[in-house]
There are 2 protein chains.
Amino acid sequence: MRIGELAARAGTTTRTLRYYEARGLLPARRTDNGYRTYDEGDLKLLRQIRTLQDFGFDLEETRPFVECLRAGHPEGDACPASLQVYRRKLDELDALIGELTAVRAQVGRQLARAESARDGLAADAAVPGGPEPVCELGGRQR
Amino acid sequence: MRIGELAARAGTTTRTLRYYEARGLLPARRTDNGYRTYDEGDLKLLRQIRTLQDFGFDLEETRPFVECLRAGHPEGDACPASLQVYRRKLDELDALIGELTAVRAQVGRQLARAESARDGLAADAAVPGGPEPVCELGGRQR
DNA sequence: CCTTGCCCTGACGCCGACGTCAAGGCTTAG
DNA sequence: CTAAGCCTTGACGTCGGCGTCAGGGCAAGG
């Protein structure tokens with residue numbers, strides 16, 4: 001099959017496939033006229049790449065899986081190098097989720113504080129100096 | 001104070017301050033010789049920006065906070081536009097954390113499956129066709 | 001006068017994963 | 001013959017938030 005068909009069957013674009021080839025991730029055979037040719041095995045490799053990409057893996061991180069499949073394994077994660085990538089990714093995800101959760105809590109507190117400050121200041125109760133200045137963002141919005 | 005001092009006091013770089021100015025976020029007055037001049041208020045604005053940046057806010061998302069401070073409010077989140085940004089960010093964070101958590105679970109399952117498959121295949125028990133192919137990644141590493 | 005240490009503008013580099021043109025070749029149907 | 005619809009390479013654009021020169025100016029101390 002040619003590049004357009006493979007791209008369509010994998011739900012991606014020809015540009016992406018040429019990019020993978022340039023990166024050495026998914027090399028292609030060529031026909032006489034220079035057209036790239038792929039087989040079902042390439043589709044499988046490609047699907048493995050896309051799945052991992054969907055999980056947020058970098059392209060380079062998919063390489064062990066692809067090489068594992070190319071080495072004849074039925075699953076891309078049958079090789080130690082792939083498992084290593086899994087474990088590293090889990091650590092990264094845990095760290096990231098932890099950070100984001102902390103940030104979420106912090107932002108949540110800020111919002112609560114700001115809202116209560118706003119409520120508390122209603123009727124200019126806590127501002128002896130007069131009414132507080134007002135944001136002038138009325139007219140045009142982006 | 002000049003740009004170098006402000007940068008140092010805020011723990012950032014002069015390049016960053018010039019960038020903020022170019023983006024219209026933190027304009028500077030100028031001395032006769034063209035040097036940028038800042039005051040304590042600018043330091044406050046800058047700290048607000050950096051804090052939000054540390055939370056993962058885009059530069060554009062900090063703008064309402066900066067304008068709020070510039071409008072005379074003691075807090076950058078005293079304005080409705082800032083609160084809107086908070087809320088949007090919370091939604092984004094929740095969505096992102098949710099996705100990442102789902103991915104983490106999925107990757108965790110893949111790892112468990114791959115590991116158990118590996119264990120199960122120990123001693124070539126489940127491979128009638130002979131020993132499984134081995135990943136050849138030995139020689140050179142990146 | 002010269003060096004040192006600030007400051008200035010302008011402009012390219014970076015990173016990742018492609019998108020999007022440009023300019024052209026092959027093949028097949030009409 | 002020609003147009004349509006594939007394919008080719010090459011190369012620049014995108015996005016954010018700066019880093020890093022290059023080439024120069026200004027001010028103060030020795």
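In what follows, every chain begins at residue 1, and chains take the letters A, B, ... in the order their sequences are listed. Because only heavy atoms are used, hydrogens play no part in the values below, and waters and symmetry mates are left out as well, while side chains stay in.
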If you compare every side-chain N and O of [X] against the phosphate oxygens of [N] (OP1, OP2), does one of them come in below 4.0 Å?
{"X": "A/R18", "N": "D/dA11", "answer": "no"}
{"X": "B/N33", "N": "D/dG25", "answer": "no"}
{"X": "B/T31", "N": "D/dC26", "answer": "no"}
{"X": "A/T12", "N": "C/dA17", "answer": "no"}

Distance check needed: [N] [atom2] versus [X] [atom1], whole Å only.
{"X": "A/M1", "N": "D/dC6", "atom1": "CE", "atom2": "P", "result": "16 Å"}
{"X": "B/D58", "N": "D/dG17", "atom1": "CG", "atom2": "C1'", "result": "10 Å"}
{"X": "A/D54", "N": "C/dA17", "atom1": "CG", "atom2": "C1'", "result": "13 Å"}
{"X": "A/R29", "N": "D/dC7", "atom1": "CZ", "atom2": "C1'", "result": "17 Å"}
{"X": "A/R63", "N": "C/dG16", "atom1": "CZ", "atom2": "P", "result": "12 Å"}
{"X": "B/L46", "N": "D/dG17", "atom1": "CG", "atom2": "P", "result": "15 Å"}
{"X": "B/L59", "N": "D/dC15", "atom1": "CG", "atom2": "P", "result": "15 Å"}
{"X": "B/Y20", "N": "D/dG16", "atom1": "OH", "atom2": "P", "result": "14 Å"}

With no hydrogens and no angle check, is any side-chain donor or acceptor of [X] less than 3.5 Å from a backbone partner on [Y]?
{"X": "B/S82", "Y": "B/G76", "result": "yes"}
{"X": "B/D58", "Y": "B/E60", "result": "no"}
{"X": "A/D91", "Y": "A/R88", "result": "no"}

Closest-nucleotide ordering on DNA chain C, the 5'-leading residue of A/L17 and A/Y35: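 The answer here is A/L17.
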Along DNA chain C (nearest heavy atom to each residue), the more 5'-positioned of B/E5 and A/T13: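 It is B/E5 whose nearest nucleotide is closer to the 5' end.
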Selection from C/dT9, C/dT27, D/dC7 that lies nearest to any side-chain heavy atom of A/T14: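 When the side chain of A/T14 is considered, D/dC7 is the closest of C/dT9, C/dT27, D/dC7.
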Nucleotide of D/dC18, D/dG17, C/dC18 approaching A/Q53 most closely (side-chain heavy atoms):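 The closest nucleotide is C/dC18.
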Taking every non-hydrogen atom, the tightest pair across B/L26 and B/D42: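 Heavy-atom minimum between the residues: CD1-OD1, 4.1 Å.
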Donor-acceptor pair present, A/R15 side chain and C/dT20 base, under 3.5 Å: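 Per atom types, the contact qualifies.
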Touch class at under 4.0 angstrom, heavy-atom based, for B/R36 against every strand present: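 B/R36: backbone/sugar contact only, no base atoms under 4.0 Å.
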Residue whose nearest DNA chain D nucleotide is more 5′ - B/Y19 or A/R30: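 The residue mapped nearer the 5' terminus is A/R30.
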Beyond-backbone contact of A/L43 with A/E40, side-chain heavy atoms, under 4.5 angstrom: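 They are in side-chain contact.
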